[in-house]
Novice: 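Can you keep this structure in mind? I'll have questions shortly.
A quick note: this is a predicted structure, and the numbers were derived from the prediction, not measured. The first residue of the sequence shown is numbered 1, and numbering continues consecutively from there. One-based numbering, in listed order, for ligands and for the atoms of each. Both backbone and side-chain heavy atoms feed into the values below; hydrogens, waters and symmetry mates do not.
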Amino acid sequence: MTDPQFWWYVSRASAIVAWSLLTATVLWGVLLSTRVLRAADNPAWLKDLHRYLSGTAIVMTLVHVGSLLLDPYLRDETGFGPVAALVPFASEFRPLPLALGIVALYLMAAVALSSLMMRVIPRRAWKAMHFASYAVVALVAFHAAFAGSDTGTWWYIMVSTALIVATMLAVVVRQVVGSVAAQRQRAAERARQVPQRNERLRVVVAERLPLAEGVLGLRLAPEDGGPVPVWAPGSHLTLHLPNGLERQYSLCGDPADRRSFDIAVQLSERSAGGSRFVHESLRVGEAIEVGPPRNHFELEPARDYLFIAGGIGITALTSMIASLPASRHWSLVYLGRSRRSMPFVNLLESRYPGRVRVHAADEQAGRYPAAAEAALSSAQVYACGPAGLMDELTAAVPAERLHIERFVPADRAAGIVVQPVHVQMPGVGSFQVPADRSILDVLEDAGAPVTGSCRKGVCGTCELRVLGGTPLHLDSVTDDAAKDAAGVMYPCVSRALSPELSLDL
Ligand code: FES
C-alpha cells in the first residue's frame with residue numbers, strides 16, 4: 001500500500017455508500033409500510049430488497065469503522081482506536097459528532113436484530129424498534145455533517161442535501177400516507193369483523209348463470225342492498241339452504257367487487273340434496289342465509305405462482321388470479337373432462353393469453369403430468385381439485401411450495417384406533433367424548449356454543465383453539481403444521497393424542 005491516504009478514501013467512500021443505502025432502506029420501508037407499492041401487492045422480493053439494502057448498509061458501515069481504525073493519520077495524530085470507535089465520547093477528535101455516529105451504529109444493529117427475531121418477538125416490539133430507523137438516519141445525518149474531514153466540499157454538500165431531503169420526504173410520506181392507510185385498514189378490519197364468527201347474512205339470488213355443462217353460477221346480493229363483507233382470494237361461503245342443508249362453495253370473481261358474492265355450483269351425480277336443490281329449486285329473487293366468508297386457502301405473496309385446477313376446483317383459483325397485478329408471474333394448468341364441462345375456460349384463455357394451459361380429456365390423449373410439472377417448477381403451487389390430483393401433488397411437491405384446497409376430505413382415519421378423550425372448555429364445562437362420537441357432536445349436544453357445517457373436516461367452520469393437550473389432526477382444512485402454528489383444531493373429525501384436551505372458541 002503506497003498511498004498513505006488509501007484508508008481515508010475507503011472511509012469516505014464507505015461512509016457515503018452506507019448513508020445512501022441507509023436512506024434507500026428507510027425510503028423503501030416507507031413505501032412498503034404505507035402500501036404505496038400496493039399494486040405490486042407487497043410480494044416477497046420487495047421485502048427481500050428492503051432486507052438486502054439494510055444488510056448492505058450495515059456491512060458498509062462496518063467497512064467505514066474498520067477503515068477509520070486502519071487510517072494511519074487518525075491513529076498517529078489523534079490516537080483514534082477501538083475504544084474511540086465504539087464508546088461514545090471516548091475520542092477527543094470531534095467527540096459529539098463521533099458519539100452520534102456510534103449511537104446510530106448500535107441502534108442500527110438493534111433494528112437489524114429485531115428484524116432477524118421478528119418471528120419470536122411480539123410484533124409491537126418489532127414495530128417500535130423499526131421506528132428507531134428514523135432516529136438512525138437523523139443521527140447519521142448529524143454525524144456525517146460534522147465528523148468528516150471533507151464536509152465543506154461542494155460534492156459532499158450536494159450528496160448530503162439530497163440524502164437529507166430524501167429522508168425528510170420519507171418521514172412526510174410515512175405520516176401522511178401512513179395515517180390514511182391506517183384509517184383504511186381500521187375500516188377494513190371493522191368491515192371484516194361484521195359479521196362476527198358465525199353471524200349469517202341474508203342474500204337474494206340476483207342472477208343464475210349457466211357456466212358450463214352441469215355448472216350453475218349464482219350471484220348473491222345482500223338483501224339490504226349494502227356491500228358484501230370483505231373477503232380474500234381463496235375464501236368460501238357456507239349456504240344455508242331452505243331445505244335445511246348447508247353447503248360450502250368457493251367464492252369466484254374479483255374480491256374487490258363487493259356488490260355480490262359469486263359462486264359456481266356443480267351438480268353432483270351423488271347429490272344428497274345440496275347441489276340438486278341449488279340447480280333445480282333455488283330461483284332468482286329467493287332469499288337465503290349465508291355464513292361469513294372463511295379462508296383456509298390464503299394466497300401468500302410470492303414471485304411466481306403455478307395454479308392447478310381440476311374441474312370445478314377452478315372457482316377458488318379465479319379469485320386468486322383476479323387479485324394479482326398484471327405484472328406478476330403466474331400460469332394456470334386447467335384440467336377437465338371436456339371444455340363443455342369446464343367453467344370459465346374461454347374467459348380465462350381470452351383474458352390471459354399465453355398463461356393458461358387447458359387439458360380437456362376428450363381432446364388430448366393421455367394424462368397431463370401436472371404433478372411432475374409442479375415438482376420441477378420453482379413457483380408456489382396453488383391447487384384445487386379432485387382427491388386423486390391433490391394426493392399426487394402432495395406426494396410430488398415439497399410442502400413449503402404446495403397450497404391445496406380439498407373439497408373431498410382425505411382419508412386420514414384409516415388404521416387409527418380412536419380413543420375416548422376428556423374435553424375441557426373454560427367457562428363452559430367438561431365433557432367425556434366416547435370413541436364412537438365426534439368431539440363436535442358431544443359439545444353440541446351438551447349445549448356448548450360451537451358450530452359445524454360440513455362435518456367432514458373440509459370447511460373449517462368448527463374451528464376451536466387448543467389451550468392444552470395434543471390434538472390428532474384428521475381434517476383436510478389446512479396442513480397440520482399451519483394448524484399447530486395457529487393453535488387450532490377441527491373437532492368434527494379430529495381427535496386427541498393426549499387423554500385430555502382443553503379447547504376454547
Ligand atoms: S364442520 Fe367443517 S371442518 Fe368441521
Side-chain angles (χ1 to χ4, degrees), residues 195-200 231-232 234-241 243-251 263 265 268 271-275 278 289-298 312-313 315-316 384 386-387 390 394 403-414 416 418 421 423 425 428 431 433-467 469 471-497 501-505:
Q196 295 293 329
R197 183 178 159 88
N198 290 312
E199 193 176 320
R200 297 181 188 177
W231 60 279
S235 299
H236 68 261
L237 205 63
T238 296
L239 265 55
H240 298 270
L241 297 170
N243 63 1
L245 294 176
E246 295 177 14
R247 291 292 182 266
Q248 288 76 36
Y249 298 102
S250 292
L251 285 163
I263 56 170
V265 181
S268 167
S271 172
S275 63
V278 171
E289 288 185 328
V290 296
R294 294 181 190 279
N295 197 354
H296 303 287
F297 190 38
E298 286 178 23
I312 194 68
T315 50
C384 185
M390 298 300 101
T394 306
H403 315 261
I404 59 175
E405 184 174 63
R406 293 174 181 269
F407 37 74
V408 178
D411 181 9
R412 302 187 64 185
I416 288 179
V418 174
V421 56
V423 174
M425 289 190 81
V428 178
F431 313 92
V433 182
D436 61 348
R437 297 196 68 199
S438 78
I439 296 175
L440 180 66
D441 284 346
V442 170
L443 295 180
E444 271 185 340
D445 287 354
V450 292
T451 39
S453 186
C454 71
R455 296 175 183 274
K456 294 186 290 192
V458 176
C459 71
T461 308
C462 63
E463 180 177 291
L464 290 177
R465 279 196 304 137
V466 180
L467 303 180
L472 170 62
H473 300 297
L474 297 174
D475 62 276
S476 307
V477 179
T478 57
D479 66 79
D480 293 350
K483 286 185 285 262
D484 287 335
V488 299
M489 71 174 292
Y490 299 96
C492 60
V493 291
S494 294
R495 304 292 303 189
L497 289 169
L501 278 178
S502 178
L503 303 173
D504 198 6
L505 292 175

Novice: Return the residue, atom name and 0.1 Å-rounded distance of the protein heavy atom closest to atom 3 (S) of ligand 1.
Specialist: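 Looking only at protein heavy atoms, the one closest to atom 3 (S) of ligand 1 is G460 N, 3.2 Å.
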Novice: Indicate if the distance from atom 2 (Fe) of ligand 1 to the nearest N, O or S atom of C462 falls below 2.8 Å.
Specialist: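 Short answer: no, not a single N, O or S atom is under the cut-off.
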Novice: Which heavy-atom pair separates L467 from D504 by the least distance, and what is that distance?
Specialist: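 Answer, listing the atom of L467 first, then D504: CD1-CB, 3.7 Å.
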Novice: Locate the shortest heavy-atom distance separating S476 from A410; write the atom from each residue and the value.
Specialist: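 Scanning both residues, the minimum pair turns out to be OG-N, 2.8 Å.
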Novice: Looking at R455, which atoms of ligand 1 are within less than 4.0 Å of one of its heavy atoms?
Specialist: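 Matching atoms, with element in brackets: 1 (S), 2 (Fe).
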Novice: State, to 0.1 Å, how close V442 and P434 come at their nearest heavy-atom pair, and which atoms those are.
Specialist: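 Scanning both residues, the minimum pair turns out to be CG2-CD, 4.1 Å.
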Novice: Suppose I only count heavy atoms of C459 and a 4.0 Å limit; which atoms of ligand 1 are within that range?
Specialist: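 Here the atoms of ligand 1 in question are 1 (S), 2 (Fe), 3 (S).
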Novice: Looking at G452, which atoms of ligand 1 are within less than 4.0 Å of one of its heavy atoms?
Specialist: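 Atoms satisfying the 4.0 Å criterion: 1 (S).
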Novice: Backbone, side chain, both or neither: what part of S453 comes under 4.0 angstrom of ligand 1, heavy atoms only?
Specialist: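 It is the backbone that gets close, since no side chain atom is under 4.0 Å.
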Novice: F407 and V458: which non-hydrogen atoms are nearest, and at how many Å?
Specialist: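 Nearest pair, atom of F407 first, then V458: CA-CG1, 4.1 Å.
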Novice: Closest heavy-atom contact between S453 and C459?
Specialist: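 Between these two residues, the closest heavy atoms are CB-SG, 3.8 Å.
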Novice: At less than 2.8 Å, would any N/O/S atom of C492, backbone or side chain, sit next to atom 2 (Fe) of ligand 1?
Specialist: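 C492 does not place any N, O or S atom closer than 2.8 Å to atom 2 (Fe) of ligand 1.
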Novice: Looking at ligand 1, would V458 count as a contact under a 4.0 Å heavy-atom criterion?
Specialist: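 Yes, V458 has heavy atoms under 4.0 Å from ligand 1.
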Novice: Rounded to the nearest 0.5 Å, what separation is found between the OG atom of S438 and the NZ atom of K456?
Specialist: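 These two atoms lie 14.5 Å from each other.
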Novice: Shortest non-hydrogen contact from D480 to K483?
Specialist: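 The answer is OD1-NZ, 3.0 Å.
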Novice: Give the atom numbers and elements of ligand 1 that come within less than 4.0 Å of a heavy atom of G457.
Specialist: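 The list of qualifying atoms is 3 (S).
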